Number of protein chains: 2
Amino acid sequence: MGAVYRIILADDHQILRAGLKDLIEKDKAFKVVGQAKDGDELLSLMGSVKCDLVIMDLSMPNRDGMQAIQDVRVKFPKVKILVLTMQKDQEHFKHAMAHGASGYVLKEDAYDQLLMAVKMILRGKRFVSPTISKLLTDYYVRSLDEAESSSLDILTKREQQILQFIGNGMANKNIASRLKLSVRTVETHRANLGRKLGIKNTAGLVKYAVTKGLS
Amino acid sequence: MGAVYRIILADDHQILRAGLKDLIEKDKAFKVVGQAKDGDELLSLMGSVKCDLVIMDLSMPNRDGMQAIQDVRVKFPKVKILVLTMQKDQEHFKHAMAHGASGYVLKEDAYDQLLMAVKMILRGKRFVSPTISKLLTDYYVRSLDEAESSSLDILTKREQQILQFIGNGMANKNIASRLKLSVRTVETHRANLGRKLGIKNTAGLVKYAVTKGLS
DNA sequence: TTATACCTGCGTAATTCTACCTAGCCTTCT
DNA sequence: AGAAGGCTAGGTAGAATTACGCAGGTATAA
């Protein structure tokens, strides 16, 4: 049945908050029970007003959004967080989500995206703006470009295979028995890998393998 | 001006090829100059018929799609590859793109997605189906969940710091000198890391650090 | 038919890591 | 004040990796 969900808005632009409140409350299932113009205000407001969801910007004075997310998560673990921001880059997104946000929507997105995000989050799901989703994929594909152009192709098949096992955290001995080779052979391959890639230690090779997606 | 782009289709379903040819050639800018029912046929066909783009499935008999991509890339580096498949998972996508595909579209996608992919690829861009894009983001967000819930928080600050250096491919000696600690101290921390995380070897720790984003 | 590159493997010595343990010093919480 | 956890560092022993070189067999290309 129709419980009314209580929402708090946090953004340093009063106009945006006002407009947003108006839009959101067109759906009778939602009620904006408070507004804050910065992180400090948000935290103190939440001390006195209960809510189910916070919709917040990342760029705010006095305790910026990223910090606010962490603080809210610690002090009010049950309250969901939806980030609504103009920050359209991987870093902000990753940090926000890693710090505990449940959703990430851009101010340039259509309003129905925000509405969908709110509904999904209140149902316990996460929501990521398709714009951001596409952005992440672009980053990923670009990283593949770099990976391809750089150096994987100077490795022989055997070397790539060995590298893959290294990347999976296997010791030379294990690799040798898996491939039915002498440990010495594996060592030779590993040495060649190190020489070709200019990496001396195991750790570097593993990192290389993992970042190249060989794992 | 309007050069006609030459396209070859590779898929083991004849019906699909026929329908696809029909759809594609509705745009007079494209001409399907050949069809193959498997990887071998594709490669031999390309030896005699020039083309700008190959649209291919991944699951084909006689030299599967993944292998075919690599072979095409080696023997005909100028020909672009668009994967059209029902494989809707991260692994197939990653491998296909890593092996040199320029685009990835699902058979369940709307046709205009395929058309857009073809056009973008022929303009030198890459194209990834939004469905896949969303899938990748979901994987990413889920991995954040695991990272958060699992174990990073049972590590002390110093341990996280050490883990980060390990993840960056540094040997104990280097970490020690960087942090102005004894090698033995670093070893102790590393041992504790291994114990807490249940990971025995360096490689595993590096992999852990990298996948947790500590690098 | 030479080259060339690749895969395989060994020798030796030095370096590094692992696996146990102990232990002093510090801060924080009770 | 006492307990607990964290940071530092050492001892000892053994396991593993690294560095350097060497070399035979095979496949592929010039």
Side-chain angles (χ1 to χ4, degrees), chain A residues 74-75 150-210 214-215, chain B residues 43-44 47 63 67 70-77 151-210 214-215:
Chain A
V74 170
K75 295 187 182 164
S150 64
S151 41
L152 258 190
D153 48 340
I154 67 170
L155 301 180
T156 68
K157 278 189 183 177
R158 205 48 155 174
E159 284 165 349
Q160 289 192 37
Q161 199 177 11
I162 302 275
L163 183 56
Q164 183 178 348
F165 283 120
I166 295 175
N168 281 326
M170 290 172 64
N172 285 353
K173 194 171 59 169
N174 299 324
I175 299 174
S177 74
R178 173 75 72 88
L179 296 178
K180 288 175 184 164
L181 295 176
S182 154
V183 174
R184 311 309 307 281
T185 304
V186 178
E187 284 173 2
T188 302
H189 284 309
R190 187 191 279 246
N192 290 335
L193 279 170
R195 193 172 35 70
K196 282 189 180 177
L197 300 175
I199 299 173
K200 268 136 272 169
N201 48 14
T202 309
L205 285 176
V206 176
K207 182 176 162 59
Y208 184 88
V210 174
L214 280 179
S215 49
Chain B
L43 264 294
S44 74
R63 175 156 31 197
Q67 187 60 52
Q70 296 182 62
D71 295 342
V72 169
R73 289 291 295 171
V74 170
K75 295 189 182 162
F76 309 95
S151 41
L152 260 190
D153 48 341
I154 67 169
L155 302 181
T156 68
K157 279 188 183 175
R158 204 49 154 176
E159 285 165 350
Q160 289 192 35
Q161 198 177 10
I162 302 276
L163 183 55
Q164 183 178 347
F165 283 120
I166 295 175
N168 281 324
M170 290 171 64
N172 284 354
K173 193 171 62 168
N174 299 324
I175 299 173
S177 74
R178 174 75 72 88
L179 295 178
K180 290 176 183 165
L181 295 176
S182 154
V183 174
R184 310 309 309 282
T185 304
V186 179
E187 284 173 1
T188 302
H189 285 308
R190 186 190 281 246
N192 290 335
L193 280 170
R195 193 172 35 71
K196 282 189 181 177
L197 301 176
I199 299 172
K200 267 136 271 170
N201 48 14
T202 308
L205 285 176
V206 176
K207 186 174 162 58
Y208 183 88
V210 174
L214 279 180
S215 48

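The structure presented is a predicted model; accordingly, all values stated were derived computationally and were not measured. So you know, we letter chains A, B, ... as the sequences are listed, proteins then strands, and number each from 1.
Within the 4.5 Å cutoff, the side chain of B:L205 has no heavy atoms near those of the A:V206 side chain. In this structure, A:L179 and A:T185 have side chains that are not in contact, with every pair of non-hydrogen atoms separated by 4.5 Å or more. Under the 4.5 Å side-chain criterion, counting only non-hydrogen atoms from C-beta, A:T156 is in contact with A:K196.
Between A:L155 atom CG and C:dA5 atom C1' there is a gap of 14 Å when expressed in whole angstrom units. For the pair B:I162 CD1 and C:dC17 P, the computed distance is 12 Å after rounding to whole Å. The nearest whole Å value for the distance from the CG atom in A:L179 to the P atom in C:dC6 is 18 Å. What separates CZ of A:R195 from P of C:dC7 is a distance of 12 Å, to the nearest Å. Summarising the geometry, the separation between NZ on A:K157 and C1' on C:dA5 is reported as 15 Å, rounded to the nearest angstrom. Atom P of nucleotide C:dG9 and atom NZ of A:K173 are separated by 17 Å, given to the nearest angstrom. Here the P atom of nucleotide C:dC7 and the CG atom of A:L193 are 10 Å apart, to the nearest Å. Taking atom CZ of residue A:R158 and atom C1' of nucleotide C:dG9, one finds them 13 Å apart after rounding to whole Å.
For B:E187 and B:R190, the salt-bridge test fails: no basic side-chain N is under 4.0 Å from an acidic carboxylate O.
Interatomic distance, B:H189 NE2 to B:L181 CG, rounded to the nearest 0.5 Å: 6.0 Å. Note that NZ of B:K207 and CD1 of B:I199 are 10.0 Å apart. Values are rounded to the nearest 0.5 Å. The CD atom of B:Q161 sits 7.5 Å away from atom CD of B:Q164, with the distance rounded to the nearest 0.5 Å.
Across all strands, A:S182 comes closer than 4.0 Å only to sugar-phosphate atoms, never to a base (heavy-atom distances). Across all strands shown, B:E159 has no heavy atoms under 4.0 Å from either base or sugar-phosphate atoms. As judged by a 4.0 angstrom heavy-atom cut-off over every strand, B:A171 is placed among residues touching the sugar-phosphate backbone only.
Judged by closest nucleotide on DNA chain C, A:N192 is the one of A:E187 and A:N192 placed further toward the 5' end.
Between A:T156 and the phosphate of C:dC7, there is a side-chain N or O to OP1/OP2 separation shorter than 4.0 Å. Considering only side-chain N and O atoms, A:T185 lies nowhere under 4.0 angstrom from the phosphate OP1 or OP2 of C:dT8.
Protein chain B contacts DNA chain D from D:dG6 to D:dT12, reading 5' to 3' and using non-hydrogen atoms of the protein with a distance under 4.0 Å.
In the set C:dC17, C:dA19, C:dC10, the nucleotide with an atom closest to the side chain of B:R184 is C:dA19.
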